[in-house]
Amino acid sequence: MNKIALVDCNNFYCSVERVFNPKLEHKPVVVLSNNDGCIISRSNEAKALGIKMAEPVYKIMPYLKKNKVSIYSSNYQLYGDMSHRVMTNLNYFVPHIDIYSIDECFINLNGFEHMGLINYSQTIKQKIYQWTGIPVAIGVGNNKVMAKLANHIAKKHKGDGVFQLNSLEQEQKLMKQLELTEIWGIGRRSEKKLKQLGLESVWDFYTSSQMQIKQVMGINGVQLYYALHNQFNNHQELEQSDKKSIASSRSFSTLVSELGPLQQALSNYIMIASKKLRKQGSYTSAMQIYLSTNPFQQNTRQYHNCINIDFAMPCNDSFKLIRIGKSALKKIYKRDYQYHKVGVLLYDLSDNKQIDLFSIDYLPGKEKIRKEKLMRVIDKINQNMGTDTVFSGAQGIKKHWLEKRNYLSQRYTTNWNELLQVN
DNA sequence: TCTGGGGTCCTAGGACCC
DNA sequence: TCTGGGGTCCTAGGACCC
């Protein structure tokens with residue numbers, strides 16, 4: 001039987017802030033989304049205060065202050081770098097890792113049974129904490145769904161943060177206690193539909209018929225059904241694959257109605273997205289540009305629209321994408337609206353090899369090489385000297401639409417000027 | 001006054017074809 | 001006037017995830 005573990009960092013963003021600010025230990029901490037809009041990470045103490053995930057900050061600011069909750073704006077450079085450290089350290093323990101998100105990673109424990117999987121997991125947990133300062137929970141199961149479930153139990157229902165599902169009796173006993181939405185892949189909508197059929201618990205789901213599940217949740221539900229039954233399913237594989245689409249967008253700190261600043265903002269997001277594109281060695285054949293007013297302000301005039309552009313030749317050139325993106329935005333832009341967000345989605349991605357086949361026949365070789373070289377140099381400069389050391393004029397210099405980040409911690413690990421100081 | 005951002009996969013339905 | 005059945009491909013939107 002396959003043995004897969006899910007390693008999940010506890011309250012990741014809050015835990016990272018604590019690594020560089022130990023005073024925050026045992027105190028309530030929250031981290032906010034872009035523009036300090038809503039709560040996206042909570043320490044256990046903050047959860048105990050009843051602060052909810054995705055809660056708009058303005059609604060609970062008095063409550064946060066009253067309870068002396070430490071507040072941080074999200075610092076993705078710091079979190080991304082700390083995530084990388086955790087993942088690299090995991091790779092020290094197992095040859096195959098499958099990074100699922102910034103704070104979660106599946107690892108393959110096949111071949112480690114002789115060490116005792118609980119024991120080995122506890123060692124991993126302890127060492128990751130020792131080496132990075134980040135606490136993790138580890139759940140072990142026969143496939144990803146079961147590993148995820150075990151992890152959930154390790155965090156919610158067991159104290160020490162390591163849990164293994166290893167017998168049918170134990171699994172079945174747990175299923176009788178679990179709510180449907182505690183299963184990875186069953187959200188609120190599916191729960192509602194399942195309950196309409198009289199399926200109330202995970203146990204009901206488990207003992208239902210495959211046909212009935214398919215009727216409500218389609219093929220995804222059937223995959224989950226198989227996974228819970230430890231039968232063949234798509235949740236066994238551990239592999240890292242390239243992104244199939246890359247998006248970048250931000251909502252503005254103040255509303256914007258002129259085309260010029262919207263184009264500048266968009267140019268910045270295209271710069272971010274195309275940099276990610278090159279980082280994974282991909283080219284894009286299609287781009288979507290979108291803009292919208294603030295959907296929460298229902299008393300103002302609403303407008304949202306998008307436009308898709310197909311490229312004859314796959315492209316990874318930021319400047320070309322910006323040029324095309326700006327003129328696309330102009331096509332869907334309407335005057336006299338207060339805009340809240342613009343964004344870009346690159347999709348229909350392909351890799352180098354496929355492009356090379358093309359280039360022999362179609363692309364003017366010299367120019368292509370020259371442009372690729374330019375983009376590589378720019379990426380390298382920005383990586384070494386800091387984001388936007390070199391940027392496109394289209395991105396603008398005074399960015400008045402820039403996001404609000406009033407509670408930002410230092411970029412302790414990625415910026416020479418912001419290292420931790422010790423007195 | 002103030003409500004995030006980035007992904008994946010599936011499905012229903014339209015367009016088109018014979 | 002009456003107007004079938006089946007296939008493919010594409011896309012927008014739904015649902016879910018962190």
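Everything numeric here is computed off the predicted structure, so don't read it as measured data. Residue numbering restarts at 1 for every chain, and letters A, B, ... go by the order of the sequence lines. Excluded from the calculations below are hydrogen atoms, water molecules and symmetry mates; all remaining heavy atoms, backbone and side chain alike, are included.
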Colleague: Could you pull out the closest heavy-atom pair between A/Gln302 and A/Tyr337, with the gap in Å?
Modeller: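 So the two residues come closest at O-CE2, 3.8 Å.
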Colleague: Within residues 53-60 of chain A, find the residues that approach DNA chain C with a heavy atom at under 4.0 Å, and present them sorted by residue number.
Modeller: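 Close to the strand, none.
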Colleague: Under 4.0 Å: is that the gap between some side-chain N or O of A/Ser253 and OP1 or OP2 of B/dC2?
Modeller: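 Checking B/dC2 against A/Ser253, no side-chain N or O comes under 4.0 Å of OP1 or OP2.
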Colleague: Indicate, with a heavy-atom threshold strictly under 4.0 Å, whether A/Lys244 touches base, sugar-phosphate, or nothing.
Modeller: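 Result for A/Lys244 = sugar-phosphate.
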Colleague: In whole Å, measure the gap between the C1' atoms of C/dG4 and B/dC16 for me.
Modeller: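 Pairwise C1' distance, C/dG4 against B/dC16, rounds to 16 Å.
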Colleague: Look through every strand shown and name the nucleotide pairing with B/dG5 as Watson-Crick or G-U wobble, where both distances are under 3.5 Å.
Modeller: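 Per the H-bond distance test, C/dC18.
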Colleague: By a strict heavy-atom criterion of less than 4.0 Å, which residues belonging to residues 66-91 of chain A are in contact with DNA chain C?
Modeller: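 None, since no heavy atom is under 4.0 Å.
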Colleague: Please report the shortest heavy-atom distance between A/Tyr283 and A/Glu372, naming the atom on each side.
Modeller: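 Shortest heavy-atom contact: OH-OE2, 2.6 Å.
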Colleague: Is there a side-chain contact between A/Gln297 and the phosphate of B/dC2, meaning an N or O under 4.0 Å from OP1 or OP2?
Modeller: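 A/Gln297 to B/dC2 OP1/OP2: side-chain N or O found under 4.0 Å.
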Colleague: Between A/Ala247 and A/His340, which is nearer to the 5' end of DNA chain B once each is assigned its nearest nucleotide?
Modeller: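 Residue closer to the 5' terminus by nearest nucleotide: A/His340.
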Colleague: To check you understand the geometry: which heavy-atom pair defines the closest contact between A/Met146 and A/Met175, and what is its length?
Modeller: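 Reported closest heavy-atom pair: CE-CE, 4.3 Å.
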Colleague: For B/dG4 and A/Asn35 - does any side-chain N or O of the residue sit under 4.0 Å from the phosphate oxygens OP1/OP2?
Modeller: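 Result: no.
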Colleague: Measure CD/A/Gln223 against P/B/dT8 and give the value in whole Å, please.
Modeller: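 Taking CD of A/Gln223 and P of B/dT8, I get 18 Å after rounding.
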Colleague: Checking contacts here: which listed nucleotide (B/dG4, B/dC10, B/dG7) is nearest the side-chain heavy atoms of A/Lys276?
Modeller: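 Of all the options, the side chain of A/Lys276 is nearest to B/dG7.
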Colleague: Mind checking if A/Lys341 touches a base, just sugar-phosphate, or nothing, with heavy atoms under 4.0 Å?
Modeller: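 Sugar-phosphate contact only - A/Lys341 comes under 4.0 Å of backbone atoms but never of a base.
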Colleague: Return the minimal non-hydrogen interatomic distance between A/Gln170 and A/Gln164, and the atom names on each side.
Modeller: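 Smallest interatomic distance, heavy atoms only, reads NE2-O, 3.2 Å.
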Colleague: How close or far is atom P of B/dT1 from atom CG of A/Asp36, stated in whole angstroms?
Modeller: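 About 18 Å, once rounded to whole Å.
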Colleague: Would you mind telling me which of A/Val31, A/Asn406, A/Val57, A/Ile71 makes a side chain to side chain contact (heavy atoms under 4.5 Å, CB included) with A/Asp36?
Modeller: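 Answer to the side chain to side chain contact (heavy atoms under 4.5 Å, CB included) test with A/Asp36 among A/Val31, A/Asn406, A/Val57, A/Ile71: A/Asn406.
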Colleague: Looking only at heavy atoms, which two atoms of A/Met375 and A/Asp317 are closest? And how far apart?
Modeller: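 Closest pair (atom of A/Met375, atom of A/Asp317, distance): SD-OD1, 3.8 Å.
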Colleague: Whole-Å distance between B/dT1 P and A/Asn406 CG?
Modeller: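 Nearest whole value for this atom pair: 18 Å.
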Colleague: So which atom in A/Ser251 and which in A/Asn34 form the shortest heavy-atom distance, rounded to 0.1 Å?
Modeller: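 Closest heavy-atom pair between A/Ser251 and A/Asn34: O-ND2, 3.6 Å.
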Colleague: Any idea which of B/dG7, B/dG4, B/dG6 is nearest the A/Phe296 side chain?
Modeller: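 When the side chain of A/Phe296 is considered, B/dG4 is the closest of B/dG7, B/dG4, B/dG6.
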Colleague: Counting only side-chain nitrogens and oxygens, does A/Ser249 get under 4.0 Å of the OP1 or OP2 atom of B/dG4?
Modeller: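 The answer is no; no side-chain N or O of A/Ser249 sits under 4.0 Å from OP1 or OP2.
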Colleague: With side chain to side chain contact (heavy atoms under 4.5 Å, CB included) as the test, pick out the partner of A/Ile289 among A/Leu345, A/Ile324, A/Val344.
Modeller: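 When side chain to side chain contact (heavy atoms under 4.5 Å, CB included) is applied between A/Ile289 and each of A/Leu345, A/Ile324, A/Val344, only A/Val344 qualifies.
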Colleague: Would you kindly say whether A/Tyr225 and A/Gln231 are connected by a side-chain donor-acceptor distance under 3.5 Å?
Modeller: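 No, no side-chain donor-acceptor contact under 3.5 Å.
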Colleague: Out of A/Val7, A/Leu6, A/Asp98, which one pairs with A/Glu104 under the side chain to side chain contact (heavy atoms under 4.5 Å, CB included) rule?
Modeller: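 Exactly one candidate clears the test, A/Leu6.
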Colleague: I'd like to compare against my own output: the B/S/- annotation of nucleotides 12-18 of chain C with a strict under-4.0 Å heavy-atom distance to protein.
Modeller: S--SSSS
